[in-house]
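What follows is a short report on a single structure.
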Amino acid sequence: MAYSDKVIDHYENPRNVGSLDKSDPNVGTGMVGAPACGDVMKLQIKVNDSGIIEDAKFKTYGCGSAIASSSLVTEWLKGKTLDQAAEIKNSAIAEELALPPVKIHCSVLAEDAIKAAVADLKAKQPMNKETV
Amino acid sequence: MELLSRNYFELFGLPTQFRIDSDRLDQNYRKLQSEFHPDRFVSGSASEQKQSFQVAAHVNDAYRTLKHPTQRARYLLKLRGVDTLEESNTAMPADFLMKQMEWREAIEEAKNDHNLAELDNLLQLMKVTSKDYLSKLETDLADDKDLVSASSIVRKLSFVDKVTSDIEQIIIGIED
């Protein structure tokens with residue numbers, strides 16, 4: 001199966017690989033896994049005091065498409081609010097990377113990781129951010 | 001053909017349950033395989049040939065599925081109406097995913113260092129882990145005791161199976 005140029009680019013030069021401090025109250029961590037292929041993805045986001053995502057890091061063990069999907073979303077996440085982040089759909093990721101149908105689940109993994117990270121952060125930060 | 005409508009267990013004359021008689025599976029597989037091997041139908045009619053292909057393929061699928069414990073459990077759950085959702089459901093227990101990350105990091109390190117002894121340790125760890133899950137699976141699946149728990153174990157075993165085959169591939173790669 002041929003990977004698209006964008007997948008290869010993200011796979012060979014992944015953006016934002018790494019970790020953020022899990023215990024930081026401004027950091028949300030999402031971990032998901034796809035039993036079908038054994039891929040594991042950890043995605044972390046850090047918000048500033050205005051609730052804007054200022055940093056995103058990922059660590060993914062899996063195929064090229066899974067790595068590219070997570071690398072891409074870390075770029076997309078920066079500058080977004082949590083609500084905007086939660087709106088990122090796997091179809092947009094799959095389209096951007098030209099993923100073939102058998103690799104769609106990699107983009108689903110990335111979408112689910114974002115949702116999990118946002119949920120983790122919201123659970124950590126009760127309403128205070130909204131009332132500024 | 002009637003054989004095509006039997007479930008995989010029935011096909012090999014086995015009770016529809018997780019614990020199987022592996023010798024009997026092998027014996028009955030060989031029997032069916034020789035009985036319906038397409039080579040035996042080369043002089044038969046087109047429909048006989050087609051049917052032998054279908055049955056042979058069905059028998060092979062069935063054997064592969066039952067031979068592999070994770071696949072057998074997944075298939076049994078499907079017969080019981082439980083879908084393990086391995087394609088679509090990405091939510092796994094956090095501690096399990098943490099462990100996956102740790103394993104993957106250890107494998108990557110051992111791979112980079114060409115550390116065969118460590119890779120072998122990790123492979124043994126996978127085998128022990130798999131064995132633990134399989135014995136729990138056997139308990140859960142006996143008399144359909146806890147199908148929800150069984151489904152979650154099958155999902156975990158999918159990861160363990162994948163990690164196991166990845167380690168094996170790395171070892172082969174280094175030894176070459």
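We name chains A, B, ... by the order of the sequence lines, and we start the count at 1 in each one.
Proximity to chain A is absent for every atom of Asp161(B), based on heavy atoms less than 4.5 angstrom apart. In this structure, chain A has heavy atoms under 4.5 Å from both the backbone and the side chain of Glu105(B). With a 4.5 angstrom heavy-atom cutoff, Met101(B) touches chain A via backbone and side-chain atoms both.
With hydrogens and angles disregarded, a donor-acceptor distance shorter than 3.5 Å links the side chain of Thr74(A) to the backbone of Ser71(A).
Relative ring orientation between Tyr63(B) and Tyr29(B) is described as parallel, the plane-to-plane angle staying below 30° on a 0-90° scale split at 30° and 60°.
Looking at Asn26(A) and Lys124(A), their side chains never bring a donor and an acceptor atom within 3.5 Å of each other.
Of all the listed residues (Glu87(B), Glu86(B), Lys162(B)), the one sharing the greatest number of non-hydrogen pairs under 4.5 Å with chain A is Glu86(B). Contact tally against chain B (heavy-atom pairs below 4.5 Å) for Gly33(A), Ala34(A), Gly38(A), Cys37(A): the top residue is Gly33(A). When each of Lys42(A), His105(A), Lys59(A) is scored by its heavy-atom pairs under 4.5 Å with chain B, the top score falls to Lys59(A).
Heavy atoms of other residues, nucleotides or ligands lying less than 6.0 angstrom from CD of Glu95(A) number 12 at most.
In this structure, Tyr75(B) has its ring center closer than 6.0 angstrom to the ring center of Tyr8(B).
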